[in-house]
Every structure is written in C-alpha cells, then in structure tokens.
Amino acid sequence: MNSSLSNSLHSSKALQIRSCFTLNTSLITTNSKPNIPISISSPTLKIAIIGFGNYGQHLAKTLVAQGHTVLAHSKSDHSRIARNIGVTFFSNPNDLCEQHPDVILLSTSITSTEQVLKSLPLQKLKRSTLFVDVLSVKEFAKNLLLDVLPPDFDIICSHPMFGPQSGKQGWENLFFAYEKVRIGNEFSRIQRCNDFLAIFEREGCKMVEMSCQEHDKLAAGSQFVTHTVGRVLDMLGLQSTPINTKGYESLLNLVENTRGDSFELYYGLFMYNKSALEMLEKLDLAFDELRHELSSRLHDVVKKQLFDSKVRGKSLQEKSYQNGAAIATSLNTPRSQVQPYEFKGKISETIDDSSRLKIAIIGFGNFGQFLAKTFVSQGHSVLAYSRTDYSDVAQKLGVSYFSDAEDLCEEHPDVILLCTSILSTEKVLKSLPLHRLKRSTLFVDVLSVKEFPRNLFLQNLPPDFDILCTHPMFGPESGKNGWKDLAFVFDKVRTGSDENRTARCSRFLDIFGQEGCRMVEMSCAEHDWHAAGSQFITHTIGRVLEKLKLESTPINTKGYETLLKLVENTAGDSFDLYYGLFMYNVNAMEQLERLDLAFESLKKQLFGRLHGFFQRQLVGNSERKELETFSNGNEAVLPNWDAKIVSPKENFQLFWENSVVVSPGMKIEVLQDKSGGRNGAKVASSSETVN
C-alpha cells in the first residue's frame, strides 16, 4: 500500500466532528421566531404513532406514562399490545386522522417511510398538524416531509439516540437530536412544538438541536460505524471465553445490541445517509492498511531469516514460532478443559518469612513496574533488571535495581519473571547467565501469547529449571483499581516433584489469588486458541478504528462510546505488542482472514440490496442481471436521484460484478472493469477522471 492510500484516510474529506458547543453555525438551524423555552410542566398532547412496531411501542409507554393521549396505526395488527399499554389502535389510517391528533409521529422503518407517508389521508388532518419523524437518518426525512406535506403543516426532524435495548432503564443522559424544520408563527404552534420536545427533556434526555445535514455527517462516523463493526463481529460468531478481557466483553455487548436491530435498519443507515459510503470505504482502506503493516513486518522477518549470515542455510520450516509456519502438531492439539484454581492462602498484606519470595523481574518497563508494586506491598523481595536505567523508579517502589544481569543472577532469586516484549523475549532469555542461578530456579513469563514462550523455555532452559507460563488478562490501565475478578491464566509447564518446588509455584500463584484474580488454569494451546478469537480480534478492531481518527460527537450512542473507549485502550499499546499477537499465535492468521471475509460478506449484502434497487429504478425487472445499456451520449441521469453517471465511453453496461453505488448529490465515473475485483465505479466529488 502506497503512502497516498494512508493519506486518503485523513484527507480533507474526512468528517469534521465538533463538540456540541462548537457546532458549525452555518449548519445549525436558527429560529427567528419568539424564543419560548421548553416547558417541563407542559399540557398533554394527542399523539398519533404511525408504525407501531418495537420502537413505536417503546416510545408509547413513556408518552402514556406522562399522561398524553396516544393513538396508533400500523400495517400489522398490534391492537392487543396497544390496549395493554393504554393506546387506542386504528387499523384504518382514515379513522385515525379523523381524530385530529396534534402530532403525527412517524415511527416507520427508513425504507418504508416514503410509501407510508404518501398513503396517509392528509386531507383528513387539521391543516396545522405537527409531523415528527424519529428516523436514524435526517436529510432524507427532511426532504421527504418538505416534498410531500402541504406548506401549512409543521415539521420537526428528530432522532432519539437510543432504542428499546439501550433505553430500557430510562432515558437519563441519552441524546435526543432534533431540528425545527418548519414551525408556524402562531404562538400555539410554537408552544406545541416545545411541548413535544419537553416529553424527552422531562425524561432526562440531553437535548441537542442541530441541522439534519450536521446530524447525518456525524452519524456516518458514529452510528453507521458502530453498526458495521457490530455486524462484522456478529458474523464471526464471537462467544464469551474463560479469559475475557474488558475490551472483549465490550465487543460482545456491542454485538448483542446490534443483533437486536434488523438488517433493514442498517441498510437504511447506508442507503439514506450520503456520508455512509465514504465511511465504509474508509473502514475498508483502514483494514487494508493494517494488513499491509503486518505483512510488511512479516516480510522483513522472512528476509532476515533467508539472507542474514547468522541464519543462512536454515529452512523456514525449522522455525517454530512464525505465524503460518508453526509446528503442525500445535494446531491439532486437543483443547484442554479449564481447570479451576482455588486460593487457600490467608489474605493479608504481610506474609511470614517462609512464604516470602525473592522475585527478579527481567524487563522493568510499565508492566514490570505495575506488577512490582503489588509484589512489594505483599512483602516479597523484588529485584529488577532492564536495558533502560530504571534505578530511580525502582528505588521509589522499594525494588533493588541491577544494571548487570550477572549481578542479579548471583542473588539467587527464587523466581525469574520475564516481563519483556514478545519480540525481544528470545534474545533476552538467551542473554541471561543461567549458570549463575540456582539449578531449580522457577521461570515465569507474562506474555500475551503462550505456546511461543512455552516452547522457547523448554528448548533453552536446563531440564532442572521449573517453568510456569502465565498471562494476567489485564494491565496498568484495566487493573489500576485493583485486580479483583480479573482473569489470570496459567499453565504449570514443568515443576519438580520436590515439595519445596511445588510449594514455591503455589506461593507465586497465591500473589494473584490474594488480590482477587479469577485464577484460570489451562494449557498454552488452549489459551492461544481463545486469545486469537478474543484478544487479537479486540486489538485488530481497535487499531482499524484508530486509523479513522474517530472523535466524540454531540450525539454519541452507548455503542459508539464503547468503540471510542476501545480505541483509547488500544492506542496505549505499542504496535510491537499487536504484531507479537499476530506473529506468535498460530491462530491469529485464521482470525484475520475470517474478519476479512466477514467484512466482505457484509459489503456484498449492502451492495446486493443496492443492485436490486437499481434494477427496479432502471429496468423495472428484478429478474434481469444486466441492468441497462446507456447510449447516444456520455451522460445518464438516474431516475429519482440527483446523482449522475459520467461515462468515459459512448456505450457501456452495468453488471453485478461492476455494481455502481451512488448517493444523492454524488457523481461517479464508470470504468468497464469485469475482472471480478473491486467495483469499477468510484465515488468522486465532481466529474473528475477516476484512474
């Protein structure tokens, strides 16, 4: 991937997201009418809900609870549900409109709104009726209402940024975005508008007034991305594991929330928000760029192994740790049963001399220091060695720091704890003066991958050294408020049968048990199988989203805030850590490919729906695969759209393999590419040449 690809992710076309206090005033609707504040004790309204599905019913419960008169009409018969809620249901819209409601609340799906609106007997309503929509896209709704409704009808375009799932515990502090598109000058009509908005303010919603254009621009970068990530992960069939991290659990929650929404809603977010296609392309580019970074690093490693004089003559097949060239038997190793670990020690801040350990931490960076604080607080003697001079930090923590590994090993620690990066572990281990240690020293690692250090220890440590492979499923950020209920995974790879050596291993594990960790004993192979589907996926999603430069918006949903938090946590980890998760876990490549296939599958679903749409628009026959042949000129205008196709040829054809994707106001140029690769049509801001 060239540098222009990276630059395209952050071009001038990127979304400009601002806080609610610095919104672009040119996009915010100003109202020259009298400034009447939203009343918290407003009178009751007669509100007719058109579309009484899950969302309409969700809103109706609150409307009724506040004392409003609620009517409802829907294609499906929801009369029994309506009666239970306290709503009057009408199977015929004529009967409903003759009740002269103050407000018509459109709670239909995005794709059916136009048809439903045009089917309403508007002539039976009062001339000044207030129409409100609650669609997830706003420019489409605004233009539709302005086109269809008579000029004496009032219009509010709104979007409650929550649904039955996220709002089931109440609407407190949830966002409600709205634009007063058209409100009459009469005091009663202005007051009615404010009375309606007061419904949501009374429930504690954060009221955000913004233009429909601004809403859609922000929503493409938040709501659409959230739904896209949730649907991609849902396709992977993610499941809870015995070693969930907080980041992975947040992704599982996101999948659960997204699964509750129909594909119809997601398709509507894509089809009727002209910024969504741009965001989908950015996601695609970001994922491609991340894969390119990984493959480049992998390429460098392979080159070094093939051409470095130190390893010349060695076959790649002899290496055990490269992803895709790992020992074949590791993939066929049966996954072990998770073994419970019971901490039986006395929980106290101090320990007696017989239980005190002398622990030498090799690699005294952030994570080594993080662990050292707890070791010292429990009364253990802690030594440290690192390439960088951390003597001042060590002194403050109560740790004895050594600048020479020989001196540290001569102290004969009970435990050598490797806190190095994944990539440097082999080099550091081989540099240690093992001959200066006691013969039965216990070696422990805390790497995020487990089969790699297990094999490394077994191959390089003398047979009388004990080995314990561990992975604290937390770090300085997630564990800053304590380790209670956080997972600690371990595998007793090799411990001597001597009672003292067995007890020493148990005392080390008790350090984490005392802190309340959830102790999980499992094989290294089992750990890596779970971690590839949880930890590696979590880091991958976080890094892809980081490339989009996502920022908080005035209309964040709970799901979007989950993604922002994930990006924040992932950004704190080095690329070396992520690369290590990929390089040294034999399952990571498979998960990366599955993620790629899921994303491609989702795009095919979206473009497949678009394909059907354009068949109906251009041909009217959904059975034909070939859409249309344009001739006699180089410009073709799509019916009912503002977009146009600028052709480089006099005659051309559109095929499924070469689908054209347009949104209102966008222009594209069609390339007659039938290679089966990416679409030959690309979005352009003007009728410029597309290479």
Side-chain angles (χ1 to χ4, degrees), residues 40-113 115-117 119-121 124-126 129-136 141 156 158-176 178 192 195-205 253 256-265 268 557-559:
I40 299 300
S41 58
S42 56
T44 59
L45 296 169
K46 184 186 292 185
I47 303 173
I49 300 177
I50 308 298
F52 203 58
N54 289 338
Y55 197 70
Q57 295 166 25
H58 175 66
L59 295 176
K61 292 174 184 176
T62 297
L63 300 180
V64 171
Q66 288 192 15
H68 299 285
T69 300
V70 182
L71 321 176
H73 163 70
S74 196
K75 290 185 298 181
S76 302
D77 182 8
H78 293 298
S79 56
R80 186 167 57 86
I81 296 175
R83 186 166 55 251
N84 293 336
I85 297 175
V87 173
T88 305
F89 187 82
F90 294 84
S91 57
N92 190 319
N94 286 278
D95 296 333
L96 180 142
C97 290
E98 287 175 354
Q99 296 295 317
H100 288 179
D102 302 304
V103 180
I104 294 287
L105 183 60
L106 288 174
S107 189
T108 51
S109 69
I110 300 173
T111 52
S112 67
T113 298
Q115 179 184 357
V116 171
L117 181 62
S119 70
L120 292 178
K124 294 185 178 295
L125 295 168
K126 289 187 297 185
T129 302
L130 170 62
F131 268 72
V132 182
D133 85 283
V134 290
L135 299 189
S136 301
I156 295 178
S158 75
H159 183 196
M161 306 296 294
F162 51 87
Q165 182 66 23
S166 56
K168 63 182 177 182
Q169 303 298 332
W171 303 349
E172 183 79 26
N173 293 324
L174 300 179
F175 289 103
F176 182 89
Y178 67 96
R192 178 183 58 188
D195 289 344
F196 178 80
L197 295 174
I199 294 171
F200 298 89
E201 187 172 45
R202 187 181 295 113
E203 296 298 318
C205 289
N253 291 334
E256 187 65 28
N257 290 337
T258 307
R259 187 180 294 140
D261 296 320
S262 66
F263 185 80
E264 195 77 12
L265 168 62
T557 60
K558 286 186 175 180

Can you name the closest pair of heavy atoms from G86 and V64 and give their distance? O-CG2, 4.0 Å
Which residues share a salt bridge (Lys or Arg N to Asp or Glu O under 4.0 Å) with K75, sequence neighbours left out: none
Kindly compute the distance separating CG (D95) from OG1 (T88), expressed to the nearest 0.5 Å. 12.0 Å
Is there side-chain contact between I49 and V70, with heavy atoms separated by less than 4.5 Å? yes
Students often mix this up, so state it plainly: with edges at 30° and 60°, are the rings of F162 and H58 parallel, tilted or perpendicular? perpendicular
Could you go through the side-chain contact (heavy atoms from CB on, under 4.5 Å) check for L130 and I156 one step at a time? CA-CA 7 Å; L130 170 62; I156 295 178; 3.8 Å; yes
State, with a plain yes or no, whether a side-chain heavy atom of V134 is found less than 4.5 Å away from one of Y178. no
Any side-chain heavy-atom pair from T44 and Q66 closer than 4.5 angstrom? no
State, with a plain yes or no, whether a side-chain heavy atom of L125 is found less than 4.5 Å away from one of H100. no
Would N253 and K558 count as a side-chain contact (heavy atoms from CB on, under 4.5 Å) if you check the C-alpha gap in whole Å, the side-chain angles of each, and the deciding distance to 0.1 Å? CA-CA 10 Å; N253 291 334; K558 286 186 175 180; over 6 Å; no
State the OG-CH2 distance between S166 and W171, to the nearest 0.5 angstrom. 11.0 Å
E264 and S109: side chain donor to acceptor below 3.5 Å: no
If you measure from CG on L71 to CD on Q99, what distance do you get to the nearest 0.5 Å? 6.0 Å
Between the CG atom in L105 and the CG atom in D133, the distance rounded to the nearest 0.5 Å is 8.5 Å
Give, for atom OG of S158 and atom CZ of F200, the distance between the pair rounded to the nearest 0.5 Å. 6.0 Å
A side-chain contact here means heavy atoms from C-beta on lying under 4.5 Å apart; do F52 and Q57 qualify? yes
Does any part of the side chain of T69, heavy atoms only, come nearer than 4.5 Å to the side chain of L45, both counted from C-beta? no
For K124, the side chain to side chain contact (heavy atoms under 4.5 Å, CB included) test, sequence neighbours excluded, returns N94, C97, E98, P121
Do I104 and I50 have side chains that approach each other closer than 4.5 Å (heavy atoms only, starting at C-beta)? yes
Verdict with reasoning, T129 to F131, per side-chain contact (heavy atoms from CB on, under 4.5 Å): CA-CA 6 Å; T129 302; F131 268 72; 4.1 Å; yes
Go through it in stages, so that I can follow the logic: the residues are I199 and H68, the test is side-chain contact (heavy atoms from CB on, under 4.5 Å), and I'd like the CA-CA distance, side-chain angles, deciding distance and then a yes or no. CA-CA 10 Å; I199 294 171; H68 299 285; 3.4 Å; yes
Any idea which heavy atoms bring G167 and L174 closest together, and the distance? CA-CD1, 4.1 Å
Nearest heavy atoms of L96 and P101, plus distance in Å: O-CD, 3.9 Å
Do Q165 and E256 have a side chain donor and acceptor closer than 3.5 Å? no
Is K61 atom NZ crowded by more than 12 heavy atoms from other residues, nucleotides or ligands, each under 6.0 Å away? no
Can you find a heavy atom in the side chain of F176 that is under 4.5 Å from one in the side chain of E201? no
How long is the gap from OH on Y55 to OG1 on T108, to the nearest 0.5 Å? 12.5 Å
